[in-house]
Amino acid sequence: LQAKVPENRLVTTDWLQSQLHRPDLRIIDMRADIRDYWAGHIPGAVYLDETALRWPEKGVPGKLMPVEVLVKLLQQLGISRKTTVIIYTEINNYRATYFAWALDYLRHESWAILDGGFNRWKNEGRPTTQDYPTLTTSNYEGRIRPDEGIRASFDQVRKLDSKATVLLDVRPPEFFSGERGTWKRRGHIPGALNIPWSAFLKEDGSWRDLELIRNNLNELGITPEKTIILYCGQGLMASHTYLTLKYILKFPTVKIYDGGFNEWSNREDLPVETGDSEKK
């Protein structure tokens, strides 16, 4: 039997330690610096740099790699369709959730994020190692049918129905307003609302009170019956809000526009707005 992950896709350190012996478990360390992995990691964890998941598409940098290449990567990591994948970073940040979203896009059923990340694991005195796991290449069985329902294309964003859809920019306010940013043009996609991805979290990386989050979203017209399209620069921050809305708050239709402001702002024929978010 496959290790069962919770519906909210967050596993505790207790849960993970109790499952370390399972052959159908693959732990992925996605901390920012490989030297942290070398210094010590959870037993059995393999290191993956999130930049390895992103390729240029027709010259636009930072898009999710083609699915056939993603499948090859999973096979190199020893991941089959039946593998339970547990991903961690330092704390609950967006590098782990980007890979989780990529797994969702492939319709990989069993994955979760280690709640509290490596910092919590280490602070609790749990086992660590400097050894690399020995991996065998797997076969990722079955036909690949990406779930296009969780990914928004450029054309969908350009033609979206503002009554049934909410476009949510999850970058920090200074990027949304256009005060900061290294893109050719600064600001945001017209019609977008702004809630930074980190607004859902406490300082220690755990989630704020869920009722409070729901009420705040409700006030902005971000409600479960609508299609929610999330974007940031290139999908990383948006993937964290994706986890929050889809799995923790149970919003049924949440998509990521992973072209993001990176793709939109480079198109001279498209409008860009500056200034703060107005309640719509």
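With I27 as reference, L16 is the one residue of V85, T84, L16 to meet the side chain to side chain contact (heavy atoms under 4.5 Å, CB included) rule.
Looking only at side-chain heavy atoms (C-beta outward), I189 and D169 stay at 4.5 Å or farther from each other. Under the 4.5 Å side-chain criterion, counting only non-hydrogen atoms from C-beta, F154 is in contact with Y257. When side chains are defined from C-beta on, V254 counts as touching L230, because their heavy atoms get closer than 4.5 Å. Proximity of L236 to R54: side-chain heavy atoms (C-beta onward) are separated by under 4.5 Å at one or more points. Considering only heavy atoms from C-beta on, L10 stays 4.5 Å or farther from V5 through its side chain. In this structure the side chain of N262 reaches within 4.5 angstrom of the side chain of V60, judged on heavy atoms. Residues I195 and I222 have side chains in contact (heavy-atom distance under 4.5 Å, counting atoms from C-beta outward). Inter-residue side-chain proximity for V11 and P6 is flagged as met; some heavy-atom pair is nearer than 4.5 Å.
Closest approach of D131 and Y37 over heavy atoms only: O-OH, 4.4 Å. Across G117 and N92, no two heavy atoms sit closer than the pair N-OD1, 4.1 Å. Taking all atoms of both residues into account, the shortest heavy-atom contact from R171 to N194 is O-ND2, 3.0 Å. Across every non-hydrogen atom of V71 and I144, the tightest pair is CG2-CD1, 3.7 Å. Among all heavy-atom pairs drawn from L135 and Q76, the shortest one is CD1-O, 3.7 Å. Closest approach of S239 to T97, counting heavy atoms only: OG-OG1, 2.8 Å.
Side chain of D104 to backbone of A100: no donor-acceptor contact under 3.5 angstrom is found.
No single ILVMFWY cluster, assembled from side-chain heavy atoms under 4.5 Å apart, contains both L77 and L114. A single hydrophobic cluster is seen to contain both L243 and M30, as judged by linkage of ILVMFWY side chains at heavy-atom distances under 4.5 Å, directly or through other members. Taking hydrophobic clusters as Ile, Leu, Val, Met, Phe, Trp and Tyr residues chained together by side-chain heavy-atom distances below 4.5 Å, V166 does not share a cluster with I229.
Geometric assessment of R9 against the ring of W111 yields a positive cation-pi assignment under the 6.0 Å and 45° thresholds.
Remark: D29 engages R31 in a salt bridge, criterion side-chain N to carboxylate O under 4.0 Å. Using a 4.0 Å cut-off between a side-chain N of Lys or Arg and a carboxylate O of Asp or Glu, R186 and E179 do not qualify as a salt bridge. Comment: R95 does not engage E50 in a salt bridge, judged by the lack of any side-chain N to carboxylate O separation of less than 4.0 angstrom. Between R126 and D14 there is a salt bridge, since a side-chain N of the basic residue sits under 4.0 Å from a carboxylate O of the acidic one. Comment: R151 engages D258 in a salt bridge, judged by a side-chain N to carboxylate O separation of less than 4.0 angstrom.
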The test is salt bridge (charged side-chain N to carboxylate O under 4.0 Å, His left out); show your working for K202 and D204 and say whether it passes. CA-CA 5 Å; K202 299 176 189 167; D204 65 357; 5.9 Å; no
side-chain hydrogen bond (donor to acceptor under 3.5 Å, both in side chains) evaluation trace for Y105 with E148: CA-CA 7 Å; Y105 186 55; E148 299 299 347; 2.8 Å; yes
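Taking the six-membered ring for Trp and thresholds of 30 and 60 degrees, F175 and W183 have ring planes more than 60 degrees apart, a perpendicular arrangement. A perpendicular orientation is assigned to the rings of Y242 and W101, their planes being inclined by more than 60° (bins at 30° and 60°).
Listed by first then second residue, pairs satisfying side-chain hydrogen bond (donor to acceptor under 3.5 Å, both in side chains) with a partner in residues 56-70 read E57-K63, not counting sequence neighbours.
Ring pair H108/Y140: centre-to-centre distance below 6.0 Å. Aromatic rings of Y94 and W197 (six-membered ring for Trp) have centroids within the 6.0 Å cut-off, being under it.
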